Amino acid sequence: MFRSRSKDEQSAPSRVTADQPKQPRDPQAPKGRPTPKRAVAQSQRRSVAVTPANRKEAAKRQREARRADLAKQREALAGGDERYLPLRDKGPVRRFARDYVDSRFAVAEYFLPLAVIILVMSMLPGQIKNISLVLWMGVIVMIVIDSIGTSIRLKKQLRSRFPDENLRGAVPYALMRTLQMRRLRLPKPQVKRGERP
């Protein structure tokens, strides 16, 4: 640790600096690149000069940059552009999980409309209230059975198609997508019903 350096190590830096020229570049010598046009040079100077003067200005610019990023994300969610999707939606595994769900009919996607109908029925007097309770239990059981079947089939497909990829979180991601109505899903569905993903 406190040893003196060997003669080779001491002479190495002097060799490196000896190879480098110490003379300044001749002003008449070519610089190896073309001179930029005036408009280009002025825009470069402006972009360098436009640094935020204070914290308030820096925060304002940061907000504007964040808004622009969010706008790109919204466009990507609507159009399916992989580059600007949020991190939870990126990758071939997540894309396949989305396509798998979008190509099939799921009971869970009609949960909200059915829940509203059952809620209205439960407020009505008489026998209709009892029917709404039975209907409510039936809908829940059908959703659970459909979700279990979907998760088993999706796991099998994912393991066969992506044996070396990280599949963690793909099945819950797909099941959460089944709970949304098809037209409200983001990213927008890229496949039609019945089409193989």
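Side-chain atoms are counted along with the backbone in the values below, which use heavy atoms only and exclude waters and symmetry mates. When a residue number appears, it is its place in the shown sequence, counting from 1. This one's a predicted model, so the numbers in the text were calculated from it and none came from an experiment.
Every pair passing side chain to side chain donor-acceptor pair (under 3.5 Å) that includes a residue from residues 105-132 is listed here, sequence neighbours excluded: Glu109-Arg193. Applying the salt bridge (Lys or Arg N to Asp or Glu O under 4.0 Å) test to pairs two or more places apart or on separate chains, those with a residue in residues 159-183 are Asp102-Arg177.
Between Tyr100 and Thr150, the closest side-chain pair of non-hydrogen atoms falls below 4.5 Å. Put simply, the side chain of Arg98 does not reach to within 4.5 Å of the side chain of Pro189, judged on heavy atoms. Two residues are said to be in side-chain contact when any heavy atoms from C-beta on lie closer than 4.5 Å; Val93 and Tyr173 fail this criterion. The closest side-chain heavy-atom distance from Arg95 to Pro197 is not below 4.5 Å. You'll find the side chain of Leu77 reaches within 4.5 Å of the side chain of Leu85, heavy atoms only. Between Ser147 and Ile143 there is a side-chain heavy-atom pair separated by less than 4.5 Å.
Scanning all heavy atoms of the two residues, the minimum distance from Gln190 to Asp99 falls at CB-OD1, 4.1 Å. Scanning both residues, Leu154 and Ala170, for their nearest heavy atoms gives CD2-O, 4.4 Å. Closest of all the heavy-atom pairs between Val139 and Ile118 is CG2-CD1, 4.1 Å.
In this structure, Arg94 contributes its side chain and Arg88 its backbone to a donor-acceptor pair below 3.5 Å.
Other residues, nucleotides and ligands place more than 12 heavy atoms under 6.0 Å from the CG atom of Leu184. Within a 6.0 Å sphere centred on NZ of Lys72, other residues, nucleotides and ligands contribute 12 heavy atoms or fewer.
Distance check: Leu119 CG to Met123 CE gives 4.0 Å after rounding to the nearest 0.5 Å. To the nearest 0.5 Å, the span separating CZ on Arg196 from OG on Ser103 amounts to 9.0 Å. To the nearest 0.5 Å, atoms CD (Glu64) and CZ (Arg61) are separated by 8.5 Å. With values rounded to the nearest 0.5 angstrom, Met176 atom CE is found 12.0 Å from Arg185 atom CZ. For the atom pair CG of Asp146 and CZ of Arg104, the computed distance is 10.5 Å after rounding to the nearest 0.5 Å. One finds the CG atom of Leu135 at 7.0 Å from the CG atom of Leu114 (value rounded to the nearest 0.5 Å).
Taking hydrophobic clusters as Ile, Leu, Val, Met, Phe, Trp and Tyr residues chained together by side-chain heavy-atom distances below 4.5 Å, Leu124 shares a cluster with Ile131. Residues Phe105 and Ile140 are members of one and the same hydrophobic cluster, defined by side-chain heavy-atom contacts under 4.5 angstrom among Ile, Leu, Val, Met, Phe, Trp and Tyr. Met142 and Met181 are assigned to two separate hydrophobic clusters, defined by single-linkage of ILVMFWY side chains at heavy-atom distances under 4.5 Å. Cluster annotation: Ile148 is not connected to Leu179 through the hydrophobic network of ILVMFWY side chains, with a link wherever side-chain heavy atoms come within less than 4.5 Å. By the rule that hydrophobic residues join a cluster once side-chain heavy atoms approach within less than 4.5 Å of another member, Met121 and Leu133 end up as members of separate clusters.
With sequence neighbours excluded, the residues that form a salt bridge (charged side-chain N to carboxylate O under 4.0 Å, His left out) with Arg83 are Asp81.
A tilted orientation is assigned to the rings of Trp136 and Phe111, their planes being inclined by 30° to 60°.
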